[in-house]
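Chain letters run A, B, ... following the sequence lines, proteins first and then strands; every chain starts at 1.
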Protein chains: 2
Amino acid sequence: MHSGRDDRVRNLCDEIENYIKVVLASAGGTSVEIQRNALADRFGCSPSQINYVLATRFGPDRGYVVESRRGGRGFIRISVVPLDSDGAMDELLAAMEGQSLSQDQAEDIIVRLVEAGVIKVREAAIMRAAIDRRTLGVPLPARDEIRGRMMQAMVAACLRHAREESIEEG
Amino acid sequence: MHSGRDDRVRNLCDEIENYIKVVLASAGGTSVEIQRNALADRFGCSPSQINYVLATRFGPDRGYVVESRRGGRGFIRISVVPLDSDGAMDELLAAMEGQSLSQDQAEDIIVRLVEAGVIKVREAAIMRAAIDRRTLGVPLPARDEIRGRMMQAMVAACLRHAREESIEEG
DNA sequence: AGTAGAAGGTCAAACAAGGTCAATAATGCA
DNA sequence: TGCATTATTGACCTTGTTTGACCTTCTACT
């Protein structure tokens, strides 16, 4: 359910998200600064709409960090956090520790893992199949708890396996 | 005003199913997006009727994937997936249908899949992590039931994906 | 230093979808 | 005809989006 490369924009939210990502990409890909009011103006919406987009599309779970400064010459800086170092993965694992996960949250993680090249598309498909609510078929909140443990276990297995492979190769 | 045609439909359900398939076909055949309320409106039925049609006529078993998004400008996307027809695997899938699986039984299946070259070692590791009794953390017999559905879903995902890859490569 | 104005932040309400479930109706079949 | 399956509906639920009123923090200027 994540934005495929669909050039047709569905709503304001997506439009703004898209715009920010384009700006981000054309600015070298690691970080941009925007003005909240200017952006709101450009899209003819209320400024708080920008906050909504940032909160729902550029959260840490999606691999972004958002910083800001108020007052004159204020700004909002959006940076991308690469997930390719071992450190970041360990962090992710630690963050998942004991956490319940909704299907959407798990999907976010899977997408990030694929984008970071940590897992392959087919592996992602396996994970998705495994954590799907219909597959689990257990009522909430137990379902999200199980899913949390599954994601943790599967990602850990991936890491272990990646390391074993590199040892074998090394 | 009644169509003198042969393709007279029995009921609403079939009518809607038909309509969606026509739209699908005229949209290039792989994917369409509909609005639940708009469709319900067009057929003068309750919105949940649309869900019923989707559930009974456009399930994965019939080769469709249905995704959706709520909220403003929400939508329902219906996509066609080419269904694979690999004899042995289909047999395995059919055999797993609705079956509870102990961890040992699942392990046997995973080993066979690796030996048969259907899945890679790393993929096997992911599956093992997912279906481990400690990961699931649910008492029997629910645990084995969940595991059964997981194996079924994961293997099916593998098959679907194998097929997609070969199309891309071909 | 004090302060005005320029940012950005928060939150809850209104609104806009789609989802679920169980009761009921209709249909098909032995 | 009576039972089992399949359709249909409506009441209620969950999720996602958009806006506006009000709050906080910062810079620049006097």
Ser68(B) side chain: which of dT10(C), dG16(D), dG19(C) is closest? dG19(C)
Would you mind telling me which of dT20(C), dT8(D), dT9(D) lies closest to the side-chain atoms of Ser46(B)? dT9(D)
Taking atom [atom2] of [N] as reference, at what distance in whole Å does atom [atom1] of [X] sit?
| X | N | atom1 | atom2 | value |
| --- | --- | --- | --- | --- |
| Ile34(B) | dA17(C) | CD1 | C1' | 13 Å |
| Asp108(A) | dG16(D) | CG | P | 10 Å |
| Leu12(B) | dT8(D) | CG | P | 5 Å |
| Phe58(A) | dG8(C) | CZ | P | 16 Å |
| Leu39(A) | dG8(C) | CG | C1' | 13 Å |
| Asp41(B) | dG18(C) | CG | C1' | 15 Å |
| Phe75(A) | dT25(D) | CZ | P | 16 Å |
| Arg77(B) | dG19(C) | CZ | P | 13 Å |

By nearest heavy atom, map Arg70(A) and Gln49(B) onto DNA chain D; which one lands nearer the 5' end? Gln49(B)
5' priority, DNA chain D, between Gly71(B) and Cys45(A) [closest heavy atom]: Gly71(B)
Any side-chain N or O of [X] below 4.0 angstrom from OP1/OP2 of [N]?
| X | N | value |
| --- | --- | --- |
| Ser48(B) | dG10(D) | no |
| Arg57(A) | dT17(D) | yes |
| Arg69(A) | dT27(D) | yes |
| Asn37(B) | dA17(C) | no |

Check each of Arg70(A), Arg36(A), Glu33(A), Glu67(A) against Phe75(A) using the side chain to side chain contact (heavy atoms under 4.5 Å, CB included) test, and report the only one that passes. Glu33(A)
NA contact type, Tyr52(A), heavy-atom cut-off 4.0 Å: base, sugar-phosphate, or nothing? base
At 4.0 Å (heavy atoms only), tell me whether Ile50(B) reaches a base, stays on the sugar-phosphate, or touches nothing. nothing
If you find the nucleotide of DNA chain C closest to Leu54(B) and the one closest to Gly72(A), which residue's nucleotide is nearer the 5' end? Gly72(A)
List the residues meeting side chain to side chain contact (heavy atoms under 4.5 Å, CB included) with Gln105(A), not counting sequence neighbours, and say none if there are none. Leu101(A), Ser102(A)
Closest approach of Met96(B) to Ile109(B) (non-hydrogen atoms, all atoms of both residues): SD-CD1, 4.0 Å
Minimum heavy-atom separation for Ala129(B) and Thr135(B), please, with both atom names. O-OG1, 2.8 Å
Arg143(B) side-chain N/O to Val138(B) backbone N/O, donor-acceptor pair under 3.5 Å: yes
Between the base of dG16(D) and the side chain of Arg73(B), is there a donor and acceptor pair under 3.5 angstrom? no
